[in-house]
Amino acid sequence: MKKSLFESLNKDQKAALSHTDGPILILAGAGSGKTRVLTYKTAHLMTEKKIDGANILMVTFTNKAASEMKDRILKLLSANSQQPTANLPFAGTFHSLCAKILRRDGKHIGVLPNFVIYDEVDKKDAMKTIMNNKNISSKSFNPGSVGGSISGIKNELISPLEYPQYARGYYQETVAEIYIDYQKFLHENGALDFDDLLFETVKLFAKNPDVLSSYQEKFRYVLVDEYQDTNQAQYTLSKLFAGRYRNITVVGDASQSIYAWRGANFRNIVNFKNDFPDVKVFNLEQNYRSTQKILDAAFSVISKNTDHPILKLWTENEKGPSITVYEARDEQDEVNFAIKEMHKIIAEEKNYSYSSFVMLYRTNAQSRTIEEVFLHLGIPYILVGGVRFYERREIKDVISYLRVLVNPKDMVSFKRISKLGKKRLDKFLEFSTEFDISKLTTLEILDKTLEATDYLSLYNKDVEEDLARLENIKEVRSVATEFPAILDFLENISLVEQEYLPQNKPLFSHNKDDRKNAVTLMTLHAVKGLEFPVVFMVGMEEGLFPHARALMDREQLSEERRLCYVGITRAMKKLYITYAARRLYFGQRTSNIVSRFVLDLPSGIVESSLTETDYF
DNA sequence: GGTCACACAGTTTTT
DNA sequence: CTGTGTGACC
């Protein structure tokens, strides 16, 4: 590696990446240059150690993170004036990796290469069908929560045959029965759900040591990002991949584990040394993102957790302004206050615009009031979250037609298109025999389907809501051009959430420049991995954050605290914390007391906004 | 097969 | 408050 590249890293970062072989644990604090170390390490492996990129596996938790990694590695390699390398490392999520493995080798365990991937909506539909067949009322058993339970069981790698021995009580025993039928149903439909992608791959490896062996040979170097958020299945897969060469680097921070409710277990990172006793551990504790006061605030909140290790971050950055805490009269006053502060900052400071700000809340339900105030005042914003693009009704409808073309066994999709009208279905079935889809591009198939079924006539251009749906279908068409092979297309839309395109979202302005210049609104979960110059954390009240459901449970409270830590550490320059004395929640006026997390902030770095706010 | 009224529940959501 | 699901009815 070129000296200049190496020199831009600090001592700890250099140490962490120059150790290339054997098990390595990098405890990387918020804003400590984690992605940097991972990408440099990969570049280092390729250029210095002459490792073929094809022998390196990089696993991340989002596709966005994966493509960022790829971009940055490519840049590093070309900056290092390497010949354009033929092989770049595989960088992707566990799910996309497993989908690829199963398409190739799933046949050994009865997984056919044209399987479809069921998302949460499909899963719920499947669950309803099964529960109906079993005469289980969806009143006493909510299909969504049964699905969630089964997901948890699968992530623990417990099969339908094994689960009954763990099931306790009526609910779990019923889940055990549904689980058996659900797996059978998926199999009959040629479908896998997200959890199956992982579990089936583990099974494939368990039953076919030679297949496992071929992947172990291929992936001689394994790097796993966000290791604190791995579940049992992902943890097992990591160990399997690294089982032969033991060149495994895991990166993460227990304090940022916020997906326990989804099976993530931060103990996987805490106990990594039990799995690999000869592990080399590196701590990255220098923070490049935030002011000292923000780090102090974050530390004072997270240090109340005693169930996991906590990194003590430090920075060479300035101390910065105090944390502003504001008690609003109600939820509208809260947002008005935030906007007033934004305007002050924009007016007084250079280089600040609406896009410098993010407003973070605990629950999506809170976003509506916030949006209303933004709309009312005409402030541009981008709302991240809500209904996922590919789970929107019109998208699911259109995709279902395509899925049935590819996999006629898929009854969930078939049922869905059946509900779109008898005539439409007949025309579709007639049309489906007329073409050989293997000879057509995705876009051609899509357009022919839309034409044959006259699907678009369901919507009326003059109705605003319908117009948005038509726009969304247009967006699917543009994705279709990117993936001319129908199987690739279907896999992509299953595994890759569409970017948040402002035009899908209620936006104040239709002017292109204004779109970029917008305040971001999102949940605390969604902000992980991002940073903003100014962060507003709103609704800091007991019952909202920490959420009411977490109040009675130590572990859940600990996770809420980590979530708060994640929120605080997103801020680069200035942090605002607000709560409302009274708020409208589910149509009820409630008054909550201030969040314990606010009370945990050290008084020396906090100022109440009743006084003049202190800027930069 | 489609529509309407009513009841009811309502964290977070990388894939 | 509001989105979703259910059951009754045309």
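Note on naming: letters A, B, ... go to the chains in the order of the sequence lines (proteins, then strands), and numbering restarts at 1 for each one.
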Looking only at side-chain N and O atoms, does A:Thr523 come under 4.0 Å of OP1 or OP2 in B:dT13?
yes
Using salt bridge (Lys or Arg N to Asp or Glu O under 4.0 Å) as the criterion, list what pairs up with A:Lys124, not counting sequence neighbours.
none
Rounded to the nearest Å, what distance is computed from the CG atom of residue A:Asn63 to the P atom of nucleotide B:dT13?
17 Å
Are the ring centres of A:Tyr227 and A:Phe272 closer than 6.0 Å?
yes
A:Phe545 meets the ring pair (Phe, Tyr, Trp, His ring centres under 6.0 Å) criterion, sequence neighbours left out, with A:Phe597
In terms of the angle between their ring planes, are A:Phe94 and A:Phe61 parallel, tilted or perpendicular, with boundaries placed at 30° and 60°?
perpendicular
Nearest-Å distance, CZ (A:Arg362) to P (B:dG10)?
15 Å
Touch class at under 4.0 angstrom, heavy-atom based, for A:Gln556 against every strand present:
base
Can you confirm whether the side chains of A:Thr93 and A:Ser96 place a donor and an acceptor under 3.5 Å from each other?
yes
How long is the line joining CG of A:Asp553 and P of B:dT11, in whole Å?
17 Å
Who pairs with A:Phe219 by ring pair (Phe, Tyr, Trp, His ring centres under 6.0 Å), at least two apart in sequence or on another chain?
A:Phe241
On the nucleotide C:dT2, are OP1 or OP2 found under 4.0 Å from the side-chain N or O atoms that A:Arg368 carries?
yes
For DNA chain C, determine which residues of residues 579-587 of chain A have any heavy atom closer than 4.0 angstrom to one of its atoms, and list them numerically.
A:Phe586, A:Gly587
Name the residue closer to the 5' end of DNA chain B, choosing between A:Ser494 and A:Ile258 according to the nucleotide with the nearest heavy atom.
A:Ile258
N/O (side chain, A:Asn364) to phosphate O (OP1/OP2, B:dT12) under 4.0 Å:
yes
Measure the distance from CZ on A:Arg424 to C1' on B:dG1 and round it to the nearest whole Å.
13 Å
The side-chain hydrogen bond (donor to acceptor under 3.5 Å, both in side chains) partners of A:Asp193 (sequence neighbours excluded) come to A:Lys154, A:Tyr182
5' to 3', nucleotides 2-8 of chain B under a 4.0 Å protein heavy-atom cut-off (B base, S sugar-phosphate only, - none) gives -------
Applying the 5.5 Å / 30° rule, does A:His525 stack onto the base of B:dT12?
no
Touch check for A:Tyr259, heavy atoms < 4.0 angstrom, all strands: base, sugar-phosphate only, or nothing?
base
For A:Tyr401, which residues count as a ring pair (Phe, Tyr, Trp, His ring centres under 6.0 Å) partner, sequence neighbours excluded?
A:Phe428
Would you mind reading off the distance between A:Leu192 atom CG and B:dT15 atom P, rounded to a whole angstrom?
18 Å
Using modelled atom types only, decide if a donor and an acceptor are shared between the side chain of A:Arg561 and the backbone of A:Val301 within a distance under 3.5 Å.
yes
Between B:dG1 atom P and A:Lys415 atom NZ, what is the distance in whole Å?
13 Å
Give every pair of a protein N or O atom and an N or O atom of nucleotides 4-8 of chain C that lie under 3.5 Å apart, one pair per line with the distance.
| residue | atom | partner | partner atom | Å |
| --- | --- | --- | --- | --- |
| C:dT6 | OP1 | A:Ser138 | OG | 2.8 |

Can you check whether any acceptor in the base of B:dT15 is under 3.5 Å from a donor in the side chain of A:Arg262, or vice versa?
yes
Within the structure shown, what part of the strands sits under 4.0 Å from A:Asp119 by heavy-atom distance: base, sugar-phosphate, or nothing?
nothing
Nucleotide C:dC1, atom P - distance to CD of A:Gln366 in whole Å:
18 Å
Just to verify, what does A:Thr129 make a side-chain hydrogen bond (donor to acceptor under 3.5 Å, both in side chains) with, not counting sequence neighbours?
A:Lys415
For the side chain of A:Trp261, starting at C-beta, report the closest nucleotide among B:dT11, B:dT15, B:dT13.
B:dT13
Pairwise C1' distance, C:dG5 and B:dT12 [rounded to whole Å]
23 Å
First of A:Val496 and A:Ser418 reached from the 5' end of DNA chain B, by closest nucleotide:
A:Ser418
Starting from P on B:dT15, measure out to CG on A:Asp193 and report it in whole angstrom.
15 Å
Partner set under ring pair (Phe, Tyr, Trp, His ring centres under 6.0 Å) for A:Tyr170, not counting sequence neighbours:
A:Phe141
Sequence neighbours excluded, the answer for salt bridge (Lys or Arg N to Asp or Glu O under 4.0 Å) partners of A:Lys128 is none
Suppose we screen for side-chain hydrogen bond (donor to acceptor under 3.5 Å, both in side chains). Which residues come up paired with A:Tyr118, at least two apart in sequence or across chains?
A:Asp410
